[in-house]
There are 2 protein chains.
Amino acid sequence: MATIEDIARIAHVSPATVSRVLNRKNSVIPISEKTIKKITAIAEELNYTPNAFAKALRTQKSNIIGVVIWDLTDPFFSEILRGIDEILGNEGYNLLLSSAKASIEHERTCYEKLMEVRAEGILVVGGPREFQHEEIIRKMNKPVVFVGSRVDYPEASSVSVDNMYGGEMGVDYLLKKQCGSYFFMSCNKPTTDLEDRWQGIVRTLQQTGMYAQANLIGVDFGEEQSYKAAKKFLNGAVLPAAVFAMNDFSALGIIRAANDLELNVPGDVAVLGFDDLSFSRYIEPRLSTIHQPRYTLGEHGAQLLVDLVSGKDLTEEQRHIVLAPKLVVRSSA
Amino acid sequence: MATIEDIARIAHVSPATVSRVLNRKNSVIPISEKTIKKITAIAEELNYTPNAFAKALRTQKSNIIGVVIWDLTDPFFSEILRGIDEILGNEGYNLLLSSAKASIEHERTCYEKLMEVRAEGILVVGGPREFQHEEIIRKMNKPVVFVGSRVDYPEASSVSVDNMYGGEMGVDYLLKKQCGSYFFMSCNKPTTDLEDRWQGIVRTLQQTGMYAQANLIGVDFGEEQSYKAAKKFLNGAVLPAAVFAMNDFSALGIIRAANDLELNVPGDVAVLGFDDLSFSRYIEPRLSTIHQPRYTLGEHGAQLLVDLVSGKDLTEEQRHIVLAPKLVVRSSA
DNA sequence: CTGTTAGCGCCTTCAA
DNA sequence: TTGAAGGCGCTAACAG
């Protein structure tokens, strides 16, 4: 690979001059037109590509933002990632993606790698509730932003969706729509998100005095688990007028159970999801759900981190962004 | 950040010794137990993290494999990515992800970035049919493997699914199942994959003498487009007994149209998808489809590239892996 | 406007 | 078993 020195030799100038020409946009150092032309021509000719390592070593600036993502395949996260990518690209940072493969163990090695490349800041996308790496992150002593999960730990910054509000919204909607009957909400609690939704639900039920009429049932994660649970409770003594699922996959399971039992959705039982994943607008019945602005989540997270990295002094409040979810009414509820 | 020299100074040894200790696993150079202990202790104490740039610069080895992904949010690709990540992690390579954001323009900058970090090999995941960057890739003079798209260009290696076979399989299945009536297949042609499927379909129809009875209709990409088209042709003079969609999203659109027209799937019209995306097993009716081994696709691609990078001499045949798709019968067809 | 010099942090001969 | 020296490619003073 051609180096700056190669170019310098051919152009009969010093390496410094070559460097200046190649990076001239930033600086105001005057250079003669002639040398500029000569050098760019030679660089082109040799197919010169700057060596990022040498540059980073010399300037002590990696230009890298690390993204630690809990589960690459989760459709929820991948859209966040695109929002991040967009901003980081615009801001001139390189994105180094490190997948934790849904394992705490792997997550640690992610941080190590990012330290080795001297990442200037880190975005942590998703992950389980009990955050295990506080000490590591503190040792890194670099700006960190958590995206898509609420983190109770003061130094950190975060961007998340107001899940409590989402829960409230969902309950409000269902209460207004299917008046006077029982409600079942399925839930489980491994993440902060789910806990918050749950809380929003409970609170709204209490405030409206409907708590007694509601049946709150905990279900494990996933479509299959929701399906099994729904199969049971939709066959119980009283048919719920509506079910508020904890996410879209869960809603899918509930709808499937309803179909098996020859119940019409939303006629016999309404089903409301959460997340608004891409397929939810396409399935039959089209899923009513609480939309989470995932792309925007990523954008805000990245922007926040960039600000932090560039040394902006932000208040506690500015460092904790909360976005509002949105009710999307389609045909399942 | 602590450097090797810092450690050396504190330990009263030379930087060389520290380096030896810190990298001793590879080499056979004998070092005294005492200095090993002393140095590792100090390194630990100072929270020493090797500087990847300095190391790469010195050793002229980046340890980076670049992954250029056409569209990060496409669920099809993200699973491939995980397969890649798995292998590359095991082999000790760092994965540098570069998203093309579904733009030819951006794709070029991806390659540039990867060159700057001296990536040792590149995986190109997805992308449009007319591959525009042949010249760039050739200039890079590095091993390149295309994953998930057939590429007609000899130096390259590739891992793809036998889409033609997938098309054949689908037609075979439908012909046997819904005998004696008309078939409609929706299609469009921007990617090699789709073209191959199309070819498989046509060939099978010809071989079985059913070509005359089949209606082949071209549709633009996406659920919405398929929906609109299906709305029309499901309302035509003759109702097709089955529709073979070009992918699962298209199948979704066709099913939605059938529902709108109060046609039963698969009773009135069977619908067969292609891809087997995660939601397809959950929707109602559960989608029968042609499964593509996406995770495996990624694994093979990464392994192939690693072999190439490490200088293995592979035959033309070994450099072009083709995986078989699989028919998954659920309830839509 | 351009050249000289020095050094970022690391590894690797070569010598002891 | 250890140390000294040099250099990977680049940029940033400083000095012309």
Side-chain angles (χ1 to χ4, degrees), chain A residues 1-40 42-43 46-64 94 112-113 115-120, chain B residues 1-40 42-43 46-64 94 112-113 115-120:
Chain A
M1 293 248 70
T3 73
I4 270 191
E5 306 223 21
D6 294 332
I7 299 177
R9 205 175 312 117
I10 297 176
H12 300 294
V13 295
S14 76
T17 303
V18 177
S19 174
R20 284 190 201 103
V21 171
L22 264 22
N23 305 338
R24 111 192 80 97
K25 35 198 153 305
N26 325 316
S27 89
V28 209
I29 304 170
I31 320 170
S32 83
E33 265 309 311
K34 216 179 80 188
T35 44
I36 290 184
K37 271 196 186 132
K38 186 168 58 175
I39 287 173
T40 47
I42 297 173
L46 296 186
N47 194 16
Y48 170 78
T49 313
N51 184 318
F53 299 129
K55 193 175 260 182
L57 186 58
R58 174 63 234 237
T59 60
Q60 297 289 72
K61 190 167 186 320
S62 70
N63 234 279
I64 288 176
N94 279 107
E112 274 166 18
K113 279 185 187 170
M115 287 312 289
E116 292 184 1
V117 299
R118 305 296 191 254
E120 300 182 26
Chain B
M1 292 248 72
T3 72
I4 272 191
E5 306 221 21
D6 295 332
I7 298 177
R9 206 174 313 118
I10 298 176
H12 301 293
V13 295
S14 76
T17 303
V18 177
S19 173
R20 284 192 199 102
V21 171
L22 264 23
N23 306 340
R24 107 194 82 97
K25 36 199 156 303
N26 324 315
S27 92
V28 209
I29 304 170
I31 320 173
S32 84
E33 265 308 313
K34 216 179 76 186
T35 44
I36 289 184
K37 269 194 187 136
K38 186 168 57 173
I39 288 173
T40 46
I42 297 174
L46 296 185
N47 193 17
Y48 170 78
T49 313
N51 183 318
F53 300 129
K55 193 175 259 179
L57 186 58
R58 173 61 236 241
T59 61
Q60 297 288 72
K61 190 162 185 324
S62 70
N63 234 278
I64 288 175
N94 279 107
E112 275 166 19
K113 280 186 188 168
M115 287 312 289
E116 293 183 1
V117 298
R118 306 297 191 253
E120 300 183 24

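As the structure is a computational prediction, the values presented were derived from the model and not from experiment.
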Could you work out, with side chain to side chain donor-acceptor pair (under 3.5 Å) as the rule, every residue matching [X], not counting sequence neighbours?
X	answer
B:Ser62	none
A:Ser14	A:Thr17
B:Thr49	none

Rounded to the nearest Å, what distance is computed from the [atom1] atom of residue [X] to the [atom2] atom of nucleotide [N]?
X	N	atom1	atom2	result
A:Lys34	C:dC1	NZ	P	12 Å
A:Arg24	C:dC1	CZ	P	13 Å
A:Lys38	C:dC1	NZ	P	14 Å
B:Phe53	C:dG9	CZ	P	12 Å

(message) Does D:dG7 have OP1 or OP2 under 4.0 Å away from a side-chain N or O of B:Gln60?
(response)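 Checking D:dG7 against B:Gln60, no side-chain N or O comes under 4.0 Å of OP1 or OP2.
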(request) Using only side-chain N and O atoms of A:Thr17, determine if any of them is under 4.0 Å from OP1 or OP2 of C:dG3. (result)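 So the side-chain polar atoms of A:Thr17 do come within 4.0 Å of the phosphate oxygens OP1 or OP2 of C:dG3, strictly under.
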(message) Using only atom types and a distance under 3.5 Å, with no angle test, would you say the side chain of A:Thr40 pairs donor to acceptor with the backbone of A:Ile36?
(response)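 Present.
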(request) Measure from the side-chain heavy atoms of B:Val13 and tell me the nearest of C:dG3, D:dG3, C:dC1. (result)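 Ranking C:dG3, D:dG3, C:dC1 by closest atom to the B:Val13 side chain puts D:dG3 first.
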(request) Using a 4.0 Å heavy-atom cut-off, write out nucleotides 10-16 of chain D from 5' to 3' as B (base contacted by protein), S (sugar-phosphate only) or - (no contact). (result) BBBB---
(message) Show every salt bridge (charged side-chain N to carboxylate O under 4.0 Å, His left out) that has at least one partner inside residues 1-16 of chain A, sequence neighbours left out.
(response)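 Non-adjacent pairs meeting salt bridge (charged side-chain N to carboxylate O under 4.0 Å, His left out): A:Asp6-A:Arg9.
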(request) Remember a base hit wins even if backbone is also touched, and classify A:Leu57 as base, sugar-phosphate or nothing at under 4.0 Å, heavy atoms. (result)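 A:Leu57: base contact, heavy atoms under 4.0 Å.
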(message) Restricting to salt bridge (Lys or Arg N to Asp or Glu O under 4.0 Å), what partner residues turn up for A:Lys61, sequence neighbours left out?
(response)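 A:Lys61: salt bridge (Lys or Arg N to Asp or Glu O under 4.0 Å) contacts with A:Glu120.
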